[in-house]
Number of protein chains: 2
Amino acid sequence: MWHPADVANSPSGDSVTDRIVRVLETFTPTRTVQTASEVGRRAGLPSSTAHRVVSDLVSAGLLDRDGEGRLSVGLRLWELATRSSHALRVRQAAMPAMERVQARVREHTQLAILEQDEALFLERLSDPDAGANITRIAGRLPLHATSSGLVLLAFADSDVQERVLARPLRRLTSATPTDPATVRRKLAEVRSLGHAIAPGYIEEVSTGVAVPVRDRISGATAALSVVLPREAPTALALEELHRAAREVEAALAGDS
Amino acid sequence: MWHPADVANSPSGDSVTDRIVRVLETFTPTRTVQTASEVGRRAGLPSSTAHRVVSDLVSAGLLDRDGEGRLSVGLRLWELATRSSHALRVRQAAMPAMERVQARVREHTQLAILEQDEALFLERLSDPDAGANITRIAGRLPLHATSSGLVLLAFADSDVQERVLARPLRRLTSATPTDPATVRRKLAEVRSLGHAIAPGYIEEVSTGVAVPVRDRISGATAALSVVLPREAPTALALEELHRAAREVEAALAGDS
DNA sequence: TGACAATTCCCGTTGAACGGGAAGCGGATT
DNA sequence: AATCCGCTTCCCGTTCAACGGGAATTGTCA
């Protein structure tokens, strides 16, 4: 039998594999291109080692090197990950429903899942005329500060809830709830209403509304959300989201 | 002692990095979940080695192990790749335009780039009511047999064109052009018209239409395409695609 | 119960990875 | 043109992590 509890958390373990991940992690959304020396410096590797490792990764296709010798994460990596990752089936199943929501509520429509006690955003459709939005695809946000996160947390296992509430709750705006008791009340409300509304929790000027995509058990496999201007009415978005969630549930039940 | 006869297939170039890629490659869209032994067999690794490597990859987050010990490609890999890959900026820039096309032409709207002499599809929006379509996100198709591919090839460097045309051209349907001369004529036509139409090249029942997203130089950074039923009129789709392509070009020129 | 496959553990061997150092290569500054 | 500086490549002796055979363990199916 497999116990998920014993996920070995080795703090200083460095194998070749770990180093590869560390190198890949030096590439961030804002810094997608750099030199091998830069990578080495950031990953804490001696120069000659960094160059060797980087050149290995390039020849394996995990990094790309452009004409000027600049590095970026390789497309092959994206291919491998996108072809096969389990969670992306959810994304596939949700896309048509998200497009419909986005066509009716021309703001930001998002799909998130619970990943390591954070909300991980799998997809986002944005109207060009809608306001800015810090959510990024493949980006993460804290559970207590987003409508998606609240939905995911409300229907998550109680040990996840306890773990999240035990940690300090980061304040992103003046409206972000940072008191565990407040969040607990909010979660109960989400469970009874079936959706979450987060006015100004991440950005003062916007309100997030989210609904769960439920599975057969008690949990939520994902959260669908819309980000609106702070004072906009939420009724239409909620209606569309609920319908979309049911569509996604049906689509997920459809395939094995 | 070492008996080479025992080892069925031992690829020569093997560093740790190469092996990791080989292991990841054993996961395909149709086979996203398997056991460590299965992976080892497919990657040509001894059982004990396979188990160790797999367990390393799991603890690094590149593979995920579910409750039953089944393996799949890890979400962390997707995160790393999606946050940073250079080519995905194109996808980001193209999404709003693709959504608009999809809203008007309710079929399949796709985005592809030229990657290692094949068309690599970065994104696909599909209407639930539209027919099936073999194109998959992160999937590849031959350049000569798809409208996207023809567009990409028509505006590619001539050495790419020669390389592709020198190889045998795979026949996917009875309509697929497999004669280099025919394809050459087709490419010239694409260049003069500014778009490609591929009736029944990949599937008998459908027609692909594609336009290039041009860059400052002579090439095409990407191709936008729509897949329609074989006999459907293509005028609307082409009009929308051309408009969308101009939008994407503007968006790409907008950011650095 | 026995056969088979997946997995885990052990352990001696070895060669691949390591990283210091030096040298080559531009580009910028003086 | 001389010098500095940072990125990169090559060389090479050292070492330890990866390797993989083998045996033991567990789970599964017939």
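So that the names make sense, note that chain A is the first sequence line, chain B the second, and so on, each numbered from 1. Since the model is a prediction, treat every value here as computed from it, not as a measurement. The analysis underlying the following values was restricted to heavy atoms, covering all of them including side chains, and did not include hydrogens, waters or symmetry mates.
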Salt bridge check, B:Glu162 against B:Arg167: does any charged N sit closer than 4.0 Å to a carboxylate O?
no

Tested for side-chain hydrogen bond (donor to acceptor under 3.5 Å, both in side chains) against B:Thr135, the lone hit among B:Arg140, B:Arg124, B:Glu203, B:Gln110 is B:Gln110

**Asked** So does B:Arg170 have more than 12 non-hydrogen atoms from other groups sitting under 6.0 Å from CZ?
**Response** no

> Between B:Glu38 and B:Arg70, is there a side-chain N and carboxylate O pair less than 4.0 Å apart?
Replying inline: no

Which atom pairs link the protein and nucleotides 3-10 of chain D when you take only N or O atoms and keep those under 3.5 Å?
residue: D:dC7; atom: OP1; partner: A:Arg41; partner atom: NH2; Å: 3.1
residue: D:dC7; atom: OP2; partner: A:Arg41; partner atom: NH2; Å: 2.9
residue: D:dT8; atom: OP2; partner: A:Ala36; partner atom: N; Å: 3.0
residue: D:dT8; atom: OP2; partner: A:Ser37; partner atom: N; Å: 3.0
residue: D:dT8; atom: OP2; partner: A:Ser37; partner atom: OG; Å: 3.3

>> Is there a side-chain contact between A:Ile137 and B:Arg91 in this structure, where contact means two heavy atoms from C-beta onward sitting under 4.5 Å apart?
In response: yes

Is the closest side-chain donor-acceptor distance between B:Thr30 and B:Thr28 under 3.5 Å? yes

Here the pair of heavy atoms bringing A:Arg65 nearest to A:Gly69 is CG-CA, 3.7 Å

Any side-chain donor paired with an acceptor under 3.5 Å for B:Ser37 and B:His51?
yes

Separation of C:dA6 atom P from B:Arg42 atom CZ, nearest Å, is 11 Å

- Please tell me if the side chains of B:Glu249 and B:Arg214 come closer than 4.5 Å, counting only heavy atoms from C-beta onward. yes

Where do N or O atoms of nucleotides 14-17 of chain C meet protein N or O atoms at under 3.5 Å, pair by pair?
residue: C:dA17; atom: OP1; partner: B:Val16; partner atom: N; Å: 3.1

Write out a two-atom table: protein N or O, nucleotide N or O from nucleotides 28-30 of chain D, distance below 3.5 Å.
none

Residues B:Thr146 and B:Ser148: side-chain donor-acceptor under 3.5 angstrom
no

